[in-house]
There are 2 protein chains.
Amino acid sequence: MVTYSEKQLKPIDEFCPMWEVLTQEERFYLRENTKLQHFRKNEVIYCEGETPKFMMCLVTGKVKIYKDGVGGRSQIIRLIKPVDIFGYRAFFAKEPYLTSASTIESSSAYLVPMQVVEQIIQSNNKLALYFIQSLASDLGVDDARIVSLTQKHVRGRLAESLIMLRDNYGVESDGKTINSHLSREDLANYSNMTTSNAIRTLSNFVSEGVIAVSGRNIQILDEEQLRKISKIG
Amino acid sequence: MVTYSEKQLKPIDEFCPMWEVLTQEERFYLRENTKLQHFRKNEVIYCEGETPKFMMCLVTGKVKIYKDGVGGRSQIIRLIKPVDIFGYRAFFAKEPYLTSASTIESSSAYLVPMQVVEQIIQSNNKLALYFIQSLASDLGVDDARIVSLTQKHVRGRLAESLIMLRDNYGVESDGKTINSHLSREDLANYSNMTTSNAIRTLSNFVSEGVIAVSGRNIQILDEEQLRKISKIG
DNA sequence: TTAAAACAATGTTTTACAGCACAAAAATAC
DNA sequence: GTATTTTTGTGCTGTAAAACATTGTTTTAA
């Protein structure tokens, strides 16, 4: 039962540039074993503790990777945008999932069984090197994040998050509004602060003229100043 | 100019189990291009911002990977023990080093040029998979660490660090003393707290009977209680 | 079309922890 | 073996940010 819009969708090996290194046989094998799945807004994709079975390639929507910590407090580890892949780390580390994944808006993703990925890696070194590079980059981001989240003050952490959101998701057609509409709570959970503090600090930024806010729409007005706050704070 | 003790040392491909997957030719190629280097106590091995050229395999001693953050405050990201490899992440991510590395005691390490590593990976898939697994594991540790360092209280963070130190470096011949002798400052920098707080909390643990301390020697007396503190705090 | 959640905003209280300052002890240098 | 630096230990103070409380606002559901 394939809908019209899905018919128009490119197969996974053409949709996502990482598979360009595959041979024709490998591409066919990949396609045959990949399925497209849709997720409603705020639907959980996988949970901490589960056994990783699929790698996901996000086609549309937005996904958060998070961890529930002390006292049910949630920490968003990273945010996924279309064409990003996720859900494969735990399999390679031979562990159950250490994180959970949930959509933050209606989303769809290609699901590839991890055995299929592993098999292709075993025959294709370039794909292996792609994963090495991808994991190495993520690890660098995490290393930097450890320092930011522990050492920067609330203002600095929020400023950094806003810049990341803009860099990651881009802006809307007006060229200003960040193409991401996180709730204040998610913004707080990403930036390691309480919701109250995210709200408070956001409105401080507005009165200082560095950003403009309208509901969940955020515009960066003075990027230089925001970077300054991110660096010093 | 090879000393007697170095003569006795196994070549890198025999010393470190990760190279077992190499062919004879690859092993020879690796050996020919590897050099052993000694580092004094508190000697810097590489610095944030430098271009990664070598992968290190620690032969003896202990090394800290750290990042200098806000106001010169240092955060130790991870601790290296013999036979661990380090210094390769940035090369794979095609970045300059994001962290610095320094010995915390007199150490020696095999240095392998990253081009050599990359070349062997290109011809040997099993080695590629080893790096994928290694990076995936480190990423999982970092993900968990983000939550611990941001959400746990001082007591919980220090308790977790002590357990990690024991698990990572083991105990001395008495079967109790942790085989690691970090300064209070390094312990604090690993656990994201001030030196004062590390000292204070450490002596609190002593009066509670969960650990015993004598200079830089630390013994875990009540592991169950320490785990409890780590979990709740 | 009203009820009920969920979300946003703001003010108040509490507390965990950083940031000193200073003293003692230990390691290192001279 | 004395001097000097580094490390360790302790107490006090200020403050950033959590926790709590209250009210207003928007979205969802019934």
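So that the names make sense, note that chain A is the first sequence line, chain B the second, and so on, each numbered from 1.
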For the pair made of [atom1] in [X] and [atom2] in [N], what is the distance, rounded to whole Å?
X        : N      : atom1 : atom2 : result
A:Asn197 : D:dT15 : CG    : P     : 17 Å
B:Arg184 : C:dA24 : CZ    : P     : 19 Å
B:His181 : D:dT8  : NE2   : P     : 13 Å
A:Arg157 : D:dA16 : CZ    : C1'   : 10 Å
B:Lys152 : C:dC17 : NZ    : P     : 13 Å
A:Lys41  : D:dT28 : NZ    : P     : 6 Å
A:Asn192 : D:dA19 : CG    : P     : 11 Å
B:Asn217 : C:dA26 : CG    : C1'   : 14 Å

What distance separates B:Ile104 CD1 from B:His181 NE2, expressed to the nearest 0.5 Å? 10.0 Å
Supply the atom-to-atom distance B:Ile218 CD1 to B:Leu182 CG, rounded to the nearest 0.5 angstrom. 7.5 Å
Any base atoms under 4.0 Å from A:Arg73, or only sugar-phosphate, or nothing? Heavy atoms, all strands. nothing
Does B:Thr195 reach a base, just sugar-phosphate, or nothing at all? Heavy atoms under 4.0 Å. nothing
Does B:Arg216 place a side-chain N or O at less than 4.0 Å from the phosphate oxygens OP1/OP2 of C:dA26? no
Give a yes/no answer on whether the side chain of B:Thr194 brings an N or O atom under 4.0 Å of OP1 or OP2 in C:dA18.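 The answer is yes; a side-chain N or O of B:Thr194 sits under 4.0 Å from OP1 or OP2.
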Residue [X], side-chain atoms from C-beta onward, closest of [options]:
X        : options                : result
B:His153 : C:dC17, D:dA16, C:dC7  : C:dC17
A:Ser183 : D:dA16, D:dA18, C:dA8  : C:dA8
A:Arg200 : D:dT10, C:dA18, C:dT12 : C:dT12
A:Val154 : C:dA8, D:dA17, D:dT10  : D:dA17

Assuming nearest nucleotide by heavy-atom distance, tell me which of B:Asn42 and A:Ser196 is located more 5' along DNA chain D.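 The residue whose closest nucleotide sits nearer the 5' end is B:Asn42.
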Taking A:Lys64 first and then A:Asp186, would you say they form a salt bridge - that is, a charged N and a carboxylate O separated by under 4.0 Å?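 Counted as a salt bridge, because a side-chain N and a carboxylate O are separated by less than 4.0 Å.
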Check: B:Phe39 main-chain N/O paired with B:Ser107 side-chain donor or acceptor under 3.5 Å: no
Looking at B:Tyr66, B:Tyr88, B:Tyr46, which hits ring-ring contact (aromatic ring centres under 6.0 Å, His included) with B:Tyr97? B:Tyr46
